[in-house]
Amino acid sequence: MPELPEVENVRRGLETLAVGKTVSAIDIRWSKIIVNPDEVFTAGLVGQQITAVDRRGKYLLIRFGEQLTVVSHLRMEGKYEVVAKEAPISKHTHVIFEFTDGQQMRYLDTRKFGRMQLIETGQENTVAGLKDLGPEPTPTIFLKAGFYQRLQKHHKAIKPLLLDQKVVTGLGNIYVDETLWLSHIHPETPANVLTRTETDRLHDEIIAELELAINHGGTTVNTFLNATGHAGAFQEMLHVYGKKGVPCERCGTPIEKIKVAQRGTHFCPKCQIKRDAK
DNA sequence: AGCTGCTCCTGGTCGC
DNA sequence: TGCGACCAGGAGCAGC
């Protein structure tokens, strides 16, 4: 599933393949993907040129001309491809941007969870989800002191807080399990029992893990911008996610899978000791 | 305000 | 083999 590293990879691919192209037509095949009325979305974008592709957290910000932005969230299975218009269209293609050069940028999404919204550039803060987004996971923006203070305010489990994009943006279920294992923290640990030393360690692991994944996913960019293609490569680097019953790399104890806040959660019961509330 | 639970979807897996 | 039940989950939202 696309988390921040995969979205960044898609961003880089679209930057290469779609910037400079001008939209000649739009075909919306599954209307619910588009937050705006179909005709507003289409009328706004036809004739516009793609000028840049930015990213904020897991949101893609596709810039059209100087004044318009399409905010695109891939959710679970969204993908983009840029292909010749003659290329076969899969049944999971829901939005097609046709360009004046005969190519098409297509949005594919097996489970149709993804969303796209046309806004005026500069109005990003009107989009629910974007306006309350926390810091990007980079050392200059995501600060240890603020992270610690934020966690101290909560007594619920650390895992759902890391999934909350308001605390830090970019983590999904896979990377949360991975960073908690790397940090020796049990996913159900109440956030406010974590020490400053522990949250500092967690902070560093989050930054390092996402950077590693971005760099790892940045190796292959072709006309098909496929998040799962890169996830396949990163698969080899996972320590706990999807490894129920497999011996922990550090201590050999079988990895366990439980539910935390309705999410499948993988951890090592020996390396990640559960602690009670204060 | 914090938190929980529901919703959207389809493909894959499991039991019978 | 076929079929139904159930699971996977990011984030917006309602409701307590």
Side-chain angles (χ1 to χ4, degrees), chain A residues 1-11 28-36 55-61 70-80 89-95 107-117 119 124-134 136-137 149-180 187-193 206 210 213 226-228 231-232 235 238 240-245 255-267 277-278:
Chain A
M1 71 210 69
E3 302 187 25
L4 188 149
E6 290 73 31
V7 178
E8 174 58 20
N9 204 51
V10 172
R11 190 199 68 75
I28 299 171
R29 302 172 153 237
W30 187 263
S31 198
K32 280 187 155 182
I33 300 281
I34 310 293
V35 175
N36 319 75
R55 180 188 60 74
R56 176 79 175 93
K58 302 181 204 169
Y59 294 81
L60 286 168
L61 304 170
V70 169
V71 178
S72 170
H73 198 300
L74 307 176
R75 297 284 177 94
M76 307 301 296
E77 305 195 14
K79 304 171 180 62
Y80 280 96
I89 295 173
S90 96
K91 67 172 180 174
H92 299 303
T93 301
H94 307 309
V95 184
Y107 177 74
L108 299 85
D109 191 340
T110 310
R111 281 149 86 181
K112 301 176 176 170
F113 273 17
R115 291 294 178 268
M116 238 180 260
Q117 183 174 0
I119 59 166
E124 286 80 3
N125 283 345
T126 62
V127 178
L130 259 186
K131 67 168 180 281
D132 297 322
L133 225 45
E136 292 289 317
Q149 284 157 17
R150 179 96 193 212
L151 296 184
Q152 282 294 301
K153 290 179 189 163
H154 297 269
H155 58 266
K156 73 170 173 179
I158 182 65
K159 171 152 181 173
L161 279 170
L162 295 180
L163 288 171
D164 182 348
Q165 304 296 302
K166 295 192 276 295
V167 175
V168 57
T169 173
L171 294 170
N173 205 38
I174 295 172
Y175 294 119
V176 166
D177 284 3
E178 293 297 313
T179 52
L180 287 172
E188 290 179 304
T189 309
N192 63 355
V193 311
I206 288 168
L210 290 178
N226 186 341
T228 60
Q235 199 86 29
L238 298 179
V240 283
Y241 189 83
K243 296 196 179 289
K244 178 183 174 186
I255 299 300
E256 288 185 8
K257 183 177 182 186
I258 58 172
K259 284 254 183 191
V260 179
Q262 286 84 247
R263 301 279 147 71
T265 299
H266 311 74
F267 72 105
K278 279 184 184 174

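This is a predicted model, so every value here is computed, not measured. First the proteins, then the strands, lettered A, B, ... as listed; each starts at 1.
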Practice item. Would you check if there is a donor-acceptor pair between the side chains of A:His266 and A:Asp177 at a distance under 3.5 Å? Key: yes
Exercise for review: Could you tell me whether A:Lys153 contacts a base, only the sugar-phosphate backbone, or nothing, with contacts defined as non-hydrogen atoms closer than 4.0 Å?
Suggested key: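 No contact.
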Exercise for review: Calculate the interatomic distance between A:Glu77 atom CD and B:dC8 atom P; express it in whole Å.
Suggested key: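 Distance check: A:Glu77 CD to B:dC8 P gives 17 Å.
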Review point. Can you check the A:Arg263 CZ to B:dG5 P distance for me, whole Å?
Key: 12 Å
Check your understanding: According to a strict under-4.0 Å criterion, is A:Lys91 in side-chain N/O contact with OP1 or OP2 of B:dG11?
Key ->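 The answer is yes; a side-chain N or O of A:Lys91 sits under 4.0 Å from OP1 or OP2.
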**Study point:** OP1 or OP2 of C:dG10 under 4.0 Å from side-chain N/O of A:Gln165
**Key:** no
Check your understanding: Where do A:Asn173 and A:Leu163 land on the side chain to side chain contact (heavy atoms under 4.5 Å, CB included) test, with the steps shown first?
Key -> CA-CA 7 Å; A:Asn173 205 38; A:Leu163 288 171; 4.3 Å; yes
Exercise for review: Please state how far atom CZ in A:Arg150 lies from atom P in B:dC3, giving the value in whole angstrom units.
Suggested key: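 It works out to 10 Å between those atoms.
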Check your understanding: Does A:His73 put a side-chain nitrogen or oxygen below 4.0 Å from OP1 or OP2 of C:dA11?
Key -> yes
Point to revise | Test: A:Lys112 and A:Glu77 ion pair at under 4.0 Å | key: no
Check your understanding: Side-chain N or O of A:Lys166 less than 4.0 angstrom from OP1 or OP2 on C:dA11?
Key -> no
Point to revise | Residue A:His92, side-chain atoms from C-beta onward, closest of B:dG11, C:dA11, B:dC3 | key: B:dG11
Practice item. Would you indicate what A:His94 reaches in the nucleic acid, counting non-hydrogen atoms under 4.0 angstrom: base, sugar-phosphate, or nothing? Key: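 Counting heavy atoms under 4.0 Å across all strands, no contact is made by A:His94.
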Review point. Should the heavy atoms of other residues, nucleotides or ligands under 6.0 Å from NZ of A:Lys131 be counted, would the total exceed 12?
Key: yes
Point to revise | Below 4.0 Å: OP1/OP2 of C:dG12 and any side-chain N or O of A:Tyr59 | key: yes
Exercise for review: Take atom NZ of A:Lys32 and atom P of B:dC8, then tell me their distance rounded to the nearest Å.
Suggested key: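 It works out to 6 Å between those atoms.
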Practice item. Please check the phosphate of B:dC3 (OP1 and OP2 only) for any side-chain N or O of A:His154 closer than 4.0 Å. Key: yes
Exercise for review: Provide, to the nearest angstrom, the distance between the CG atom belonging to A:Leu171 and the C1' atom belonging to C:dG10.
Suggested key: 13 Å
Check your understanding: Closest to the A:His155 side chain: C:dG10, B:dT10, B:dC3?
Key -> B:dC3
Review point. 5'-most contact on DNA chain C: A:Gln262 or A:Val127, nearest heavy atom basis?
Key: A:Gln262
**Study point:** A:Lys112, nearest nucleotide to its side chain (from C:dG10, B:dC3, B:dT10)
**Key:** B:dT10
Practice item. Pick out which of A:His73, A:Arg115, A:Arg56, A:Gln117 makes a side-chain contact (heavy atoms from CB on, under 4.5 Å) with A:Val127. Key: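 Result for side-chain contact (heavy atoms from CB on, under 4.5 Å) with A:Val127: A:Gln117.
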Review point. Rounding to a whole Å, what distance do you find between A:Leu163:CG and C:dA8:P?
Key: 14 Å
Practice item. Would you please determine if the base of B:dC9 is stacked by A:Phe113, with stacking meaning a centroid separation under 5.5 angstrom and planes under 30 degrees? Key: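 According to the criterion (under 5.5 Å, under 30°), no, A:Phe113 does not stack.
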Review point. Atom NZ of A:Lys131 to atom P of C:dA11: distance rounded to whole Å?
Key: 15 Å
Exercise for review: Using the side chain to side chain contact (heavy atoms under 4.5 Å, CB included) rule, take A:Val168 and A:Arg150 through it: C-alpha gap first, then chi angles, then the decisive distance, then the call.
Suggested key: CA-CA 10 Å; A:Val168 57; A:Arg150 179 96 193 212; over 6 Å; no
Check your understanding: OP1 or OP2 of C:dA11 less than 4.0 angstrom from a side-chain nitrogen or oxygen of A:Lys58, does that happen here?
Key ->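 For A:Lys58, the contact criterion (side-chain N or O under 4.0 Å from OP1 or OP2 of C:dA11) is met.
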Exercise for review: Figure out the NZ/C1' separation between A:Lys244 and C:dC7, and round it to whole Å.
Suggested key: 13 Å
